[in-house]
Amino acid sequence: MDIFKPIDLSKDAKKPGIESVEKTRCLIIGSGPAGYTAAIYAARANLKPVLYTGLQMGGQLTTTTEVENFPGYPDGITGPAMMEEFKKQAERFGTEIRFGIATNADFSGKTHKVTIDENKVIEADTVIIATGATARYLGLEAGSRYAGMGVSACATCDGFFYKGKDVAVVGGGDTAAEEATYLAGLCRKVYLIVRRNVLRASKAMQEEVLNFPNIEVLWEHQAIDLFGENGVEGVVLVRKKGTPQEETVKVKIDGFFLAIGHTPNSDVFKDFIETDGTGYIKTIPGTTKTKVQGVFAAGDVQDPVYRQAVTAAGSGCMAAIDAERYLLELHS
């Protein structure tokens, strides 16, 4: 039996650019740990899931080097290699994996519609959104040049690699303060680079940062470049930019951590799915259910707190089980 069956929906077929309409029981959008884990569980439950990878197959982990904190890999593994293993496992149980991007969604009816690449409509009984979140970067060319070579957007993920070394954290909010204090427990020295002369972090977090003996706050500094031969060896900063006291300084560091936030990849679904002020999809506590029946969210797109591969995988498992139970209730 075909997983997808062409169906005749005149109102969709007449839409400009729509070339085909297909139907499936379970559509998964996203190919990080959440998406692939959801696919493994959904496929084993005989939901015959179809997974669209998004622009970055494998998600954020494909931009990392060593992953040492995911259970089951005692010697560590690279992010791309781990995601390839996830992909193979999902395919082993029958998941159909396709490259494509969700460009539109309509969750107003009983059957959910997602447009892929602006020309294909997928009708699904259940949809699992696992589109992740994108770390905000400073826009420095060096940020791309040193990706995986000293630049990180996750202290919890990569901090261990800088044990006993000097690092810098960029940001002035709670996230930056938390990252700095976490790294202070591992590193010899932590520079907190703050653009303004105050921290935006909560009072409690400010006090914690200012009381750490190995955290030095660089007030009114902005990072403009990084340098190093085979990885980050230092950061170039502008102090008091735009004032008569403006000066350029260089600080030697081994790691450069960005803590200016993440942007959840949820824009396509916002007309139908409830999100918080930042864009994280809201789910019913203890589940992956959204306010739309049959639509579930897993991984970083709904997790503003942990944002770890292992928690994303766990919520992917939950989403597949929630989807399976929803379908059983729907047809009982």
Side-chain angles (χ1 to χ4, degrees), residues 56 59-69 76 78-80 133-197 199-201 205 208-210 212-241 246-263 300 307-309:
Q56 188 175 45
Q60 290 186 78
L61 275 183
T62 59
T63 65
T64 67
T65 50
E66 290 297 315
V67 178
E68 294 190 334
N69 56 0
T78 67
T134 303
R136 296 177 192 152
Y137 288 88
L138 294 173
L140 302 179
E141 184 275 331
S144 300
R145 190 167 72 247
Y146 291 106
M149 299 172 61
V151 173
S152 172
C154 179
T156 310
C157 309
D158 300 325
F160 180 81
F161 300 114
Y162 300 92
K163 191 173 183 179
K165 297 183 178 181
D166 298 342
V167 300
V169 176
V170 179
D174 280 336
T175 299
E178 289 168 4
E179 301 264 275
T181 54
Y182 174 81
L183 290 166
L186 296 168
C187 302
R188 180 174 58 189
K189 178 84 172 184
V190 178
Y191 296 99
L192 182 58
I193 302 170
V194 182
R195 186 180 58 175
R196 301 164 61 192
N197 60 358
L199 289 170
R200 291 181 290 105
M205 286 305 305
E208 194 167 352
V209 165
L210 297 175
F212 257 93
N214 59 335
I215 296 178
E216 180 179 345
V217 181
L218 301 178
W219 303 105
E220 297 183 86
H221 282 70
Q222 296 183 47
I224 60 171
D225 202 3
L226 299 167
F227 61 88
E229 290 295 325
N230 298 310
V232 171
E233 295 177 5
V235 58
V236 182
L237 305 169
V238 173
R239 178 176 173 271
K240 292 185 177 293
K241 186 175 182 180
E246 179 177 319
E247 63 174 331
T248 301
V249 296
K250 290 184 177 181
V251 178
K252 290 191 68 176
I253 55 171
D254 302 292
F256 185 73
F257 289 84
L258 293 156
I260 53 178
H262 290 72
T263 302
D300 287 11
R307 297 194 301 270
Q308 299 296 301

Between the CD atom in Glu141 and the CD1 atom in Ile224, the distance rounded to the nearest 0.5 Å is 13.0 Å
Among His221, Gln222, Glu220, which residue meets the side-chain hydrogen bond (donor to acceptor under 3.5 Å, both in side chains) test with Lys240? Glu220
For residues Val209 and Val217, determine if any side-chain heavy atom of one lies less than 4.5 Å from a side-chain heavy atom of the other. yes
Quick one: do Gln308 and Cys154 satisfy side-chain contact (heavy atoms from CB on, under 4.5 Å)? Show the steps, please. CA-CA 9 Å; Gln308 299 296 301; Cys154 179; 3.7 Å; yes
Ala223 to Leu138 - nearest heavy-atom pair and separation: CB-CD1, 4.1 Å
For Asp225 and Arg145, the nearest pair of non-hydrogen atoms, with its separation, is OD1-NH2, 4.0 Å
Taking all atoms of both residues into account, what is the closest heavy-atom pair of Leu61 and Ala309, and its distance? CD1-CB, 3.8 Å
Using the side-chain contact (heavy atoms from CB on, under 4.5 Å) rule, take Val169 and Val190 through it: C-alpha gap first, then chi angles, then the decisive distance, then the call. CA-CA 7 Å; Val169 176; Val190 178; 4.1 Å; yes
How close do Glu66 and Gly76 get, counting heavy atoms only, and between which atoms? OE1-C, 4.1 Å
Shortest non-hydrogen separation from Arg200 to Arg196 and the atoms involved: CG-NH1, 3.4 Å
Minimal non-hydrogen separation, Val167 against Leu183, with atom names: CG2-CD1, 4.1 Å
Main-chain N/O of Ala177 paired to Tyr182 side chain as donor or acceptor, under 3.5 Å: no
Got a list of side-chain donor-acceptor pairs under 3.5 Å for residues 246-261, not counting sequence neighbours?
| from | atom 1 | to | atom 2 | distance (Å) |
| --- | --- | --- | --- | --- |
| Glu246 | OE1 | Gly242 | N | 2.7 |
| Glu247 | OE2 | Arg239 | NH1 | 3.1 |
| Asp254 | OD2 | Asp166 | N | 3.1 |

How far does CZ of Arg307 sit from OG1 of Thr156, to the nearest 0.5 angstrom? 8.5 Å
From Leu237 CG over to Ile193 CD1, what is the distance, rounded to the nearest 0.5 angstrom? 4.5 Å
Mind checking whether Gln60 and Thr134 have side chains closer than 4.5 Å, heavy atoms only? no
Please say whether more than 12 non-hydrogen atoms of neighbouring residues, nucleotides or ligands are located less than 6.0 Å from CZ in Phe227. yes
Heavy-atom distance under 4.5 Å between the side chains of Thr181 and Ile215, does that happen here? yes
About how many Å separate CG of Asn214 and CZ of Arg188, when rounded to the nearest 0.5 Å? 10.5 Å
